[in-house]
Amino acid sequence: MVWNPLRLLKTLVHFGVGGPLTKGLGALPGLVNTGHAMTQMPSCEALAPSLGWPAVGLLGDADRADALVAPLASLNYRLSLPLEISAGELVNVPLVVGPRAPSPAVLHPWLEHLGQMACYQEATLIDFQQVTAAIAALWGSLDDGVMGGVSASQVQWQAGLRFGGQVSTANGGGFASVRTRNIEPPLNLSQWQGTVLTAQGDGQRYKWILRDSPGWDSLAYCRSFDTQADLSTITRTPFLDMVATRRARTVPTASPLNPAQLYSMQFMLSKFEYDGDLNPAFQPGSFELVVQRLGVYRQAPRPVVLLPEGDDTLGTSLAAAGLVGAIPQGSGFVVIGADNTLPPEVTPAAVTAIFEALS
């Protein structure tokens, strides 16, 4: 492999960093990768977080699922079966339906477990498996050819953002990446705590990078994540845990990442971690990372527990677990446990509909 000046020129044109020559270079045949003029900067309007429908978790008695599907759909809820409830965390689950005729030996340990589970609200920022032309136009390769290296990556849209190619340490290089152009106006994710990536890799360690400044060589806030071959993994990254770097050197005096003004995103495979340390999983040669989804998340309150059968003595167990619950009472229901009111995100109509469906 030899250094390819054409790849360098394509990079300069795509990202608009060629100075006064950019406009002229962009008019030359073969130097525009995306078919979008450089004056056609993407807008963040296509990047609004989408929450989707919240879920109602169902514990045990899967035969009750059919009775719940229709009433939940009419209220813009979806049904989450028991397998997801026992996964160690709850995502977008504001309600959980408990078992019928629960015995203390079963119910009390389950409530304790539920009270200890991590609860998150997640929203999809980019579904890379159904990417729009505007989102696809954001991304372009940025490899070590900008410094004389010979690594070469590509972006393909096959069941996700498929970032792959060849990475080489020849000519002092050793990294390949895909990065977005600057988003104008910048993306405001200040209402969220971090990002969540769903990706399938090749066993190597990659970097997830965000920038809160429009400068081409501005501080890069990084978080490394490991992948597994032939297996999708989920990586949740708090904004506060992203490390400020400049050319793989940490900048301890830098301010934390500002999620209220995010200008660009990047995935990178590099032989270096930070401050001269080597990436322990790095292997030169072919590589591939397929990113299926980019989401954002924040902590969510514990779910409200609906118990189709029981009495208010269950309130003691619920309160001990820090949970709020509800049980049928006459033609309605009563709230018991850690509080005597439903949280704002759970409507009385939803609770009533579930109890009526299960009666």
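Side chain of Thr250 to backbone of Thr245: no donor-acceptor contact under 3.5 angstrom is found. Listed for the Arg78 side chain is a donor-acceptor partner under 3.5 Å among the backbone atoms of Trp53. No donor-acceptor pair closer than 3.5 Å links the side chain of Asn92 to the backbone N or O of Ala55. For Asp202 (side chain) and Phe287 (main-chain N/O), no donor-acceptor pair under 3.5 Å exists by modelled atom type. No donor-acceptor distance shorter than 3.5 angstrom exists from the side chain of Asp241 to the backbone of Arg223, with no hydrogens or angles considered. Checked by atom type and distance alone, the side chain of Ser218 never pairs as donor or acceptor with a backbone atom of Pro214 at under 3.5 Å. In terms of modelled atom types and a separation under 3.5 Å, the side chain of Lys271 and the main chain of Ser168 share no donor-acceptor contact. Under the 3.5 Å distance criterion, the side-chain polar atoms of Asn171 are left unmatched by any main-chain donor or acceptor of Val150. When atom types are taken as modelled, the side chain of Gln204 and the backbone of Gln283 share a donor-acceptor pair closer than 3.5 angstrom.
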Q: Output, in order, the C-alpha distance, side-chain angles, deciding distance and verdict of side-chain contact (heavy atoms from CB on, under 4.5 Å) for Val351 and Val346.
A: CA-CA 8 Å; Val351 176; Val346 176; 3.8 Å; yes

Q: Could you walk me through whether Val290 and Gln158 pass side-chain contact (heavy atoms from CB on, under 4.5 Å), step by step?
A: CA-CA 8 Å; Val290 181; Gln158 299 174 357; over 6 Å; no

Q.
Could you go through Ser153 and Asp143, starting from their C-alpha distance and side-chain angles, then the distance that decides it, and tell me whether this counts as side chain to side chain donor-acceptor pair (under 3.5 Å)?
A. CA-CA 7 Å; Ser153 70; Asp143 304 325; 2.8 Å; yes

**Q.** Pair Leu269-Leu289, side-chain contact (heavy atoms from CB on, under 4.5 Å): steps then yes or no
**A.** CA-CA 9 Å; Leu269 174 62; Leu289 174 73; over 6 Å; no

Q: Mind running side-chain contact (heavy atoms from CB on, under 4.5 Å) on Phe175 and Lys207 for me, showing each step along the way?
A: CA-CA 11 Å; Phe175 77 86; Lys207 290 180 180 178; over 6 Å; no

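Taking 4.5 Å as the limit, every side-chain heavy atom of Ile354 sits out of range of all side-chain heavy atoms of Pro71. In this structure the side chain of Leu307 reaches within 4.5 angstrom of the side chain of Leu107, judged on heavy atoms. Residues Leu219 and Arg246 form a side-chain contact, since some pair of their non-hydrogen atoms from C-beta on lies under 4.5 Å apart. In this structure, the side chains of Thr313 and Ile336 stay at 4.5 Å or more apart for every pair of heavy atoms. Contact check for Thr237 versus Phe225: no side-chain heavy atoms found under the 4.5 Å cut-off. Looking at heavy atoms from C-beta onward, Leu90 lies in side-chain contact with Leu114 at the 4.5 angstrom threshold. With contacts defined as side-chain heavy-atom distances shorter than 4.5 Å, the pair Arg247/Asp217 qualifies. Between Phe333 and Leu306 the shortest side-chain heavy-atom distance does not fall below 4.5 Å.
Smallest separation of non-hydrogen atoms from Thr341 and Val335: N-CG1, 3.7 Å. Nearest approach of Val93 to Gly57, heavy atoms of both residues: CG1-N, 3.8 Å. In terms of heavy-atom proximity, Trp139 sits nearest to Val178 at CZ3-O, 4.0 Å. When all heavy atoms of Thr195 and Phe239 are compared, the closest pair comes out as CG2-CE2, 3.8 Å. Across Asp226 and Thr233, no two heavy atoms sit closer than the pair O-OG1, 4.1 Å. Met242 and Leu257 make their closest contact through SD-CD2, 3.9 Å (heavy atoms, listed as atom of the first residue, atom of the second, distance).
The CZ atom of Arg205 lies 6.0 Å from the OG atom of Ser224; values are rounded to the nearest 0.5 Å. Atom CD of residue Glu288 and atom CD of residue Gln156 lie 8.0 Å apart, to the nearest 0.5 angstrom. Atom CG in Asn279 sits 5.0 Å away from atom CD in Glu273 (nearest 0.5 Å). Atom CG of Asn76 is separated from atom OG1 of Thr347 by 10.5 Å, given to the nearest 0.5 angstrom. Between the CG atom in Asp339 and the CG atom in Leu318 there is a gap of 12.0 Å [rounded to 0.5 Å].
The one candidate from Ile209, Leu197, Val155 that meets the side-chain contact (heavy atoms from CB on, under 4.5 Å) condition with Phe267 is Leu197.
Side-chain polar atoms of Trp208 and Thr235 form no donor-acceptor pair below 3.5 angstrom. Side-chain polar atoms of Ser190 and Asn188 form a donor-acceptor pair below 3.5 angstrom.
No more than 12 heavy atoms of other residues, nucleotides or ligands lie within 6.0 Å of CD in Gln130, so this atom counts as exposed by the packing criterion. At most 12 heavy atoms of other shown residues, nucleotides or ligands fall within 6.0 angstrom of atom CG in Asp230.
Linking ILVMFWY side-chain heavy atoms closer than 4.5 Å, directly or via other members, places Phe15 and Met268 in a single hydrophobic cluster. Both Leu75 and Leu58 are members of a single hydrophobic cluster when ILVMFWY side chains are connected at heavy-atom separations under 4.5 Å. Hydrophobic clustering (ILVMFWY, side-chain heavy atoms < 4.5 Å, transitive): Val291 and Tyr206 are in one cluster. The hydrophobic clustering, which links ILVMFWY residues whose side-chain heavy atoms are closer than 4.5 Å, places Leu189 and Ile183 together. When the side chains of ILVMFWY residues are joined at heavy-atom separations under 4.5 Å, either directly or via intervening members, Phe128 and Ile234 end up in two distinct hydrophobic clusters.
A centroid separation of 6.0 Å or more is found between the aromatic rings of Phe282 and Phe272.
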Output side-chain donor-acceptor pairs under 3.5 Å for residues 294-305, partner residues at least two apart or in another chain, one line each.
from   : atom 1 : to     : atom 2 : distance (Å)
Arg298 : NE     : Gln121 : OE1    : 2.5
Arg298 : NH1    : Gln191 : O      : 3.1
Arg298 : NH2    : Gln121 : OE1    : 2.7
Arg302 : NE     : Gly115 : O      : 2.6
Arg302 : NH2    : Gly115 : O      : 3.2

Please tabulate, one pair per line, all N/O donor-acceptor pairs under 3.5 Å involving side-chain atoms of residues 258-266, not counting sequence neighbours.
from   : atom 1 : to     : atom 2 : distance (Å)
Asn258 : OD1    : Ala260 : N      : 3.0
Gln261 : NE2    : Asp212 : O      : 2.9
Gln266 : OE1    : Arg211 : NH1    : 2.7
Gln266 : NE2    : Ser177 : OG     : 2.9

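In this structure, Val243 shares a hydrophobic cluster with no other residue, the cluster being traced through Ile, Leu, Val, Met, Phe, Trp and Tyr side chains under 4.5 angstrom apart.
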